[in-house]
*Asks:* 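Mind having a look at this structure? Questions to follow.
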2 protein chains.
Amino acid sequence: MSPTPVDIRPLRADAARNRARVLEAARELMGARGVEVGMEEIARQAGVGVGTVYRHFPNKEALISALAEDRFARIAAVLTEALEDPDPWHGFETMMRRTAEIHVADRALSEVMRNHGDAMQAAAEKYGVPELNERLIERCKAAGAIREEVHHGDIPMIMCGVGIATCSAAGRLAGEDGWKRYLEYVLEGMRAG
Amino acid sequence: MSPTPVDIRPLRADAARNRARVLEAARELMGARGVEVGMEEIARQAGVGVGTVYRHFPNKEALISALAEDRFARIAAVLTEALEDPDPWHGFETMMRRTAEIHVADRALSEVMRNHGDAMQAAAEKYGVPELNERLIERCKAAGAIREEVHHGDIPMIMCGVGIATCSAAGRLAGEDGWKRYLEYVLEGMRAG
DNA sequence: ACGCAAACGGAATCTCGATTCCGTATAGTA
DNA sequence: TACTATACGGAATCGAGATTCCGTTTGCGT
């Protein structure tokens, strides 16, 4: 029972370049318009044919997952940094603001958290996001800085809500800075005391 | 230039019955699974053929609009009642809880507020929802019960966020009552003082 | 009971985006 | 330079859901 010896040879130079271009095009287009953008359009923007997109990602879901991993890696970094803040609440608050910014700048991210549960779960766990969230919350509770009833599972829910509401038709009624106020309400409400 | 004399004759009895059945089927299915349910399925559940659905609603969007009107009428009623509460803040808080419940029970509603801007705007305005929201907020501000920076356009944004986050994959992580905590945070954060 | 406009059912069609296929091009190697 | 495994482009195919069409049925006024 030796580990399956998957033949990992380096990608040919052009292939590596194209893969990167596809990812960047997908990030840009999906970030702006959501996961609904078509594979053809992504290919065009990347300057390759659709066939090439499918050579690198077996299907759309795989492409979305690759992007999700990227985002969760970033979120994990934000969480890790927050854990290093000497002031638990300040760390938490900063984390929430930065994470919200990531969501607001990338429309597809919230959509993944809404509809692609598997991709999200996998990406989040890969970077230890759930545990980091839990540690951050627990640390705040220990310091008496956050309400006792806050559940670490609330964080992704709230981020998904803020992110989606922002790019929604309803969100446009609240104006450009709507999401900032929204987030302030939530933060103020989570704070202890 | 007489007003166009649209021939409004009463629907034949069977037609009226079928129209109601289609609406009810759509309400039930879309409420549970979102606007993505197919027209064929709605027809089946209503016990009619697809052709009949299209006789009553020229296209899917029209059917969605009809449902949206229904919901906004309900929301308008909740707002009106809230305005009659002698305690401005209590009225506001109650309105938020009831409205959130309507959203949580009807998955399609938040989706309309997210993606079908036109249908939403039309339905909301038809029942005076924007003005009611504004009056409610202003009344709270006058009583010093709500933060000054709260904008009446924040309400639909927040409801859309809570509603969508609730039925999202991320929302499931927060458990059954996740949305209630979410709403509490927001309310607490909007309150003055 | 009769006649016909109003309704019906549901197969056929249309649309559009995802995915596959295969002939051609080329990086890397001897 | 010649060779071949890789990679490429994009037309063709699939599939799912929305919408149309038309032959049949039915409510209801006479």
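Within every chain, numbering begins at 1; the chains are lettered A, B, ... in the order of the sequence lines, protein sequences first and strands thereafter. This is a predicted model, so every value here is computed, not measured.
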*Asks:* Is A:N18 near enough to D:dA7 that one of its side-chain N or O atoms lies under 4.0 angstrom from OP1 or OP2?
*Replies:*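 For D:dA7, OP1/OP2 do not have a side-chain N/O of A:N18 under 4.0 Å.
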*Asks:* Report yes if a side-chain nitrogen or oxygen of A:H56 is closer than 4.0 Å to either non-bridging phosphate oxygen (OP1 or OP2) of D:dC8; otherwise report no.
*Replies:*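 For D:dC8, OP1/OP2 do have a side-chain N/O of A:H56 under 4.0 Å.
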*Asks:* Decide if atom CD of A:E41 counts as having more than 12 heavy atoms of other residues, nucleotides or ligands within a radius under 6.0 Å.
*Replies:*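 Yes, because the 6.0 Å sphere around CD of A:E41 holds more than 12 heavy atoms from other groups.
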*Asks:* Rounded to the Å, how far apart are B:E61 CD and D:dG17 C1'?
*Replies:*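 Distance check: B:E61 CD to D:dG17 C1' gives 15 Å.
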*Asks:* Can you tell me how far C1' of D:dC8 sits from CG of A:L11, to the nearest Å?
*Replies:*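 Whole-Å distance recorded here is 14 Å.
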*Asks:* Atom CG of residue position B:D118 - does it have more than 12 heavy atoms of other residues, nucleotides or ligands inside 6.0 Å?
*Replies:*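 Atom CG in B:D118 is not crowded, with 12 or fewer foreign heavy atoms closer than 6.0 Å.
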*Asks:* Can you tell which of D:dC28, D:dC8, D:dA18 lies closest to the side chain of B:A13?
*Replies:*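 Nearest listed nucleotide: D:dC28.
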*Asks:* Indicate whether any N or O donor in one side chain lies under 3.5 Å from an N or O acceptor in the other, for B:N133 and B:H152.
*Replies:*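 Note: B:N133 and B:H152 side chains miss the donor-acceptor criterion.
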*Asks:* Is the A:W179 to A:Y182 ring centre distance short of 6.0 Å?
*Replies:*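 Centroid distance A:W179-A:Y182: not below 6.0 Å, so no.
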*Asks:* Of all residues at least two apart in sequence or in a different chain, which pass the salt bridge (Lys or Arg N to Asp or Glu O under 4.0 Å) check with B:R21?
*Replies:*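 None.
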*Asks:* Measure CZ/B:R12 against C1'/C:dA7 and give the value in whole Å, please.
*Replies:*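 Distance check: B:R12 CZ to C:dA7 C1' gives 5 Å.
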*Asks:* Rounding to a whole Å, what distance do you find between B:N59:CG and D:dG17:C1'?
*Replies:*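 Checked: the CG to C1' distance equals 14 Å.
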*Asks:* When the distance from CZ of B:F57 to P of D:dT19 is rounded to whole Å, what number comes out?
*Replies:*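 Rounded to the whole Å, the gap is 13 Å.
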*Asks:* Find the distance B:R55:CZ to D:dC21:C1' and express it as a whole number of Å.
*Replies:*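 Interatomic distance, CZ of B:R55 to C1' of D:dC21: 11 Å.
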*Asks:* Closest approach to the side chain of B:Y54, judged atom by atom: which nucleotide of D:dC8, D:dT20, C:dA6 is it?
*Replies:*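 Nucleotide nearest to B:Y54's side chain: D:dT20.
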*Asks:* Quickly work out the B:R19 CZ to C:dC8 C1' distance and round it to whole Å.
*Replies:*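 To the nearest whole Å, that distance equals 16 Å.
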*Asks:* With a 4.0 Å cutoff (strictly under), does any side-chain N or O of A:T52 reach OP1 or OP2 of D:dA7?
*Replies:*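 So the side chain of A:T52 is outside the cut-off, no N or O lying under 4.0 Å from OP1 or OP2 of D:dA7.
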*Asks:* Regarding A:D154 and B:Y185, is there a side-chain donor-to-acceptor distance under 3.5 Å anywhere?
*Replies:*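 Judged by distance alone, the side chains do pair up.
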*Asks:* Round to a whole Å and report the spacing from CZ of B:R17 to P of D:dG27.
*Replies:*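 Going from CZ in B:R17 over to P in D:dG27 covers 8 Å.
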*Asks:* Keeping B:D177 on the side-chain end and B:K180 on the backbone end, is there a donor-acceptor pair under 3.5 Å?
*Replies:*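 No, the answer is negative, given that no donor and acceptor are paired below the 3.5 Å cut-off.
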*Asks:* Relative to the 5' end of DNA chain D, which residue comes earlier, B:P58 or B:D14, by the nucleotide with the nearest heavy atom?
*Replies:*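 Looking at DNA chain D, the more 5' nearest nucleotide goes with B:P58.
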*Asks:* Enumerate the residues from residues 33-51 of chain A whose closest heavy atom to DNA chain D is under 4.0 Å, giving them by residue number; use none for an empty result.
*Replies:*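 DNA chain D contact set from residues 33-51 of chain A: A:G47, A:V48, A:G49, A:V50, A:G51.
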